[in-house]
Amino acid sequence: MTAIQAVYVRGHEERPDPKPHIVYRIEIQAHVRSWQMWRRYSEFVELHTELTKSTGSSPPAPLPPKNSLAILRGPFRDSSSMTEERRAGLETYLRAIISAKDDKWRECYAFRDFLGVPIGRLGTMAEGSTSSKQFSSSSWLDEHLELQAKIRDIRADVNKRDALSDRGDVSASHTANVQAKKKLAETLSRVRTLKQGLQELGMAAMAQGELQRRTDMVARLQDDCEKLGKMVTVTRQASRSTAAPSSQGFTNVAIAPESDRAALLSLSKPVTRVFGAKKPQETEVTRPLDDQGLVQLQNTQMEQQDGQLATLTHILQRQRHLGEAIGAELAVHNELLDELNNDVERVGGKLSSAKKQLNRLG
């Protein structure tokens with residue numbers, strides 16, 4: 001769940017109904033907004049049981065002891081230190097799930113529902129649910145940011161597969177390739193859902209400029225998915241084609257015709273130095289050099305070109321990071337402008353109503 005940036009258990013509250021109990025305030029921070037939820041300890045226990053059952057393994061951190069308040073008598077008398085200890089334990093429990101390398105716990109529906117993730121995003125992740133009408137303007141942006149992170153994960157898996165293949169670890173390379181294909185299939189499905197959700201938002205009177213901007217965002221996601229699909233498929237086919245000759249030896253190697261062999265071994269033409277042009281020409285730099293000097297000159301020029309390419313690569317990477325940061329900032333600003341536009345429309349409606357009432361009184 002990459003859209004969730006941080007989770008805190010900031011405080012607690014004592015409630016008398018239906019019987020005296022304590023609820024804990026959970027604050028969740030996402031990309032473009034934050035919210036809070038109130039949960040009892042018993043709800044944490046139910047979440048832990050559901051996560052263990054659905055994933056087949058316990059979450060990375062244990063819950064604080066269940067009977068830490070059992071020795072108390074009366075309505076939470078002298079329980080501040082124990083309540084604070086439990087609050088810290090619950091916060092550690094949630095943070096361990098959010099920061100775990102394995103996302104099987106935080107991608108579970110029960111965990112998202114426990115944190116109160118907006119319905120629009122729950123609808124895109126729930127099994128068998130492809131409804132796009134549940135997207136709101138902000139939840140659509142959250143889903144887009146999460147899909148961008150998924151695409152980065154797929155690229156990382158592809159790079160890992162290539163690195164393992166270079167080292168000759170065929171089994172691990174195949175596993176990484178399978179993971180990349182699974183993530184890509186899920187991402188493609190979610191991109192289609194995101195596109196449908198954008199159509200529904202467009203029918204809900206979204207501004208034309210914002211609608212066009214988000215359409216371009218979806219198109220970029222589709223382009224990235226298409227490129228990743230080609231990378232996975234083409235590389236896999238190339239590996240198969242290169243593996244075929246090794247299993248058959250040299251039986252399929254084409255034999256050169258006799259004319260080519262004669263031309264290759266013929267000494268009728270004098271051996272001369274070729275500089276790549278149709279009419280080789282010496283220059284002031286190459287004229288005083290012998291063959292070894294020419295090779296050294298070529299290596300020097302290639303090293304200079306490599307250095308220039310490395311510098312250009314660094315500049316382009318920095319420009320890309322700046323572009324991504326600007327894009328994220330613009331997304332936040334557009335969300336704020338949408339909220340401001342909604343507030344202005346709401347205030348305008350109230351003013352119109354008040355004006356009509358004044359005219360009626362006058």
Side-chain angles (χ1 to χ4, degrees), residues 1-127 129 138-139 142-143 145-146 149-150 153 179 183 186:
M1 188 187 339
T2 55
I4 302 300
Q5 299 296 300
V7 175
Y8 305 95
V9 181
R10 298 273 189 187
H12 66 278
E13 183 178 291
E14 300 178 7
R15 295 184 180 178
D17 296 325
K19 62 180 180 179
H21 64 278
I22 291 180
V23 291
Y24 296 90
R25 187 177 79 249
I26 306 172
E27 296 183 2
I28 304 100
Q29 295 182 2
H31 286 290
V32 295
R33 67 181 183 281
S34 60
W35 66 93
Q36 65 181 19
M37 300 291 295
W38 293 90
R39 298 295 184 187
R40 298 180 60 174
Y41 177 78
S42 59
E43 293 178 286
F44 277 90
V45 175
E46 294 174 358
L47 171 66
H48 184 83
T49 303
E50 181 62 27
L51 291 178
T52 304
K53 183 189 303 182
S54 59
T55 61
S57 58
S58 299
L63 280 173
K66 183 177 181 179
N67 58 351
S68 60
L69 299 179
I71 62 174
L72 298 179
R73 297 294 183 267
F76 307 103
R77 189 173 302 156
D78 300 328
S79 62
S80 57
S81 60
M82 293 184 178
T83 303
E84 175 61 24
E85 181 179 355
R86 172 172 285 183
R87 182 204 63 78
L90 295 176
E91 183 175 272
T92 302
Y93 176 79
L94 294 177
R95 286 188 172 185
I97 296 177
I98 292 295
S99 59
K101 292 183 179 180
D102 195 340
D103 62 354
K104 61 182 179 180
W105 296 289
R106 59 178 174 270
E107 290 293 340
C108 185
Y109 178 87
F111 186 71
R112 290 173 173 265
D113 184 53
F114 182 83
L115 292 183
V117 177
I119 296 176
R121 305 194 52 210
L122 282 173
T124 61
M125 294 302 298
E127 181 178 0
S129 173
S138 58
S139 65
D142 284 344
E143 178 69 6
L145 289 172
E146 185 167 347
K150 283 286 185 183
D153 291 341
Q179 291 179 353
K183 292 181 180 179
E186 177 189 353

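Only a predicted model underlies this, so the values are computations on that prediction, with no experimental measurement involved.
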Asker: Evaluate Arg86 against Leu90 for side chain to side chain contact (heavy atoms under 4.5 Å, CB included), listing each step before the verdict.
Answerer: CA-CA 6 Å; Arg86 172 172 285 183; Leu90 295 176; 4.0 Å; yes
Asker: Say whether, by atom type as modelled, one donor and one acceptor occur between the side chain of Arg25 and the main chain of Tyr8 under 3.5 angstrom.
Answerer: no
Asker: Between CD of Glu27 and CH2 of Trp35, what distance do you get to the nearest 0.5 Å?
Answerer: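 Answer rounded to 0.5 Å: 12.0 Å.
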Asker: Backbone N or O of Pro59 within a donor-acceptor pair of the Tyr93 side chain at under 3.5 Å?
Answerer: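 Flag not set: sc Tyr93 to bb Pro59 has no pair under 3.5 Å.
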Asker: Does CD in Glu85 sit with more than 12 non-hydrogen atoms of other residues, nucleotides or ligands closer than 6.0 Å?
Answerer: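 Open: at most 12 neighbouring heavy atoms sit under 6.0 Å from CD of Glu85.
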Asker: List in chain and number order the residues that pass ring-ring contact (aromatic ring centres under 6.0 Å, His included) with His12, two or more places apart in sequence or in another chain; answer none if no residue qualifies.
Answerer: none
Asker: Please give me the minimum heavy-atom distance between Thr52 and Ser58, naming the atom from each residue.
Answerer: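 Scanning both residues completely, I find the closest heavy atoms to be OG1-CA, 3.8 Å.
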Asker: Between Thr83 and Tyr41, is a side chain to side chain contact (heavy atoms under 4.5 Å, CB included) present by the stated rule, with each step listed?
Answerer: CA-CA 11 Å; Thr83 303; Tyr41 177 78; over 6 Å; no
Asker: Judged by atom type as modelled, is there a donor-acceptor pair below 3.5 Å linking the side chain of Glu84 to the main-chain atoms of Ser81?
Answerer: no
Asker: For Ala110 and Glu50, work out which heavy atoms get closest and say how close.
Answerer: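 Smallest interatomic distance, heavy atoms only, reads CB-CG, 3.4 Å.
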Asker: Mind checking the NZ-NE2 spacing from Lys19 to His21? Nearest 0.5 Å is all I need.
Answerer: 10.0 Å
Asker: Say whether, by atom type as modelled, one donor and one acceptor occur between the side chain of Glu91 and the main chain of Val9 under 3.5 angstrom.
Answerer: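 Pair found, side chain donor or acceptor close to backbone of Val9.
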Asker: Of all the heavy-atom pairs spanning Ile97 and Arg106, show the shortest one and how long it is.
Answerer: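 Minimum heavy-atom separation between Ile97 and Arg106: O-NH1, 3.1 Å.
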Asker: Provide the closest heavy-atom pair for Pro60 versus Ala100 in the form atom of the first, atom of the second, distance.
Answerer: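 Closest pair (atom of Pro60, atom of Ala100, distance): CG-CB, 4.1 Å.
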Asker: Could you tell me the separation between the CG atom of Leu63 and the OG1 atom of Thr49, rounded to the nearest 0.5 Å?
Answerer: 8.5 Å
Asker: Taking atom CE of Met82 and atom CD1 of Ile22, what is their separation to the nearest 0.5 Å?
Answerer: 11.5 Å
Asker: Would you confirm whether Trp105, through its side chain, and Ser57, through its main-chain N or O, come within 3.5 Å as a donor-acceptor pair?
Answerer: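 Yes, the answer is positive, given that a donor and an acceptor are paired below the 3.5 Å cut-off.
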Asker: Please report the interatomic distance CG(Leu94) to CD1(Ile28), rounded to the nearest 0.5 Å.
Answerer: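 Output value for this atom pair is 8.5 Å.
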Asker: Could you tell me if Arg39 sits above the aromatic ring of Phe44, with its cationic atom closer than 6.0 Å to the ring centre and no more than 45 degrees from the axis?
Answerer: no
Asker: At their closest point, which heavy atom of Asp103 faces which heavy atom of Lys150, and how far apart are they?
Answerer: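 Between these two residues, the closest heavy atoms are OD2-NZ, 3.8 Å.
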Asker: Ignoring hydrogens and angles, tell me if any N or O in the side chain of Arg95 forms a donor-acceptor pair with the backbone of Val7 under 3.5 Å.
Answerer: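 It does hold such a pair.
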Asker: Can you name the nearest heavy-atom pair linking Met37 to Leu115, along with the distance?
Answerer: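 Scanning both residues completely, I find the closest heavy atoms to be CG-O, 3.4 Å.
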Asker: Which residues pass the side chain to side chain contact (heavy atoms under 4.5 Å, CB included) test with Ala88, not counting sequence neighbours?
Answerer: none
Asker: Can you tell if the side chain of Arg112 reaches within under 4.5 Å of the side chain of Glu107, non-hydrogen atoms only?
Answerer: yes
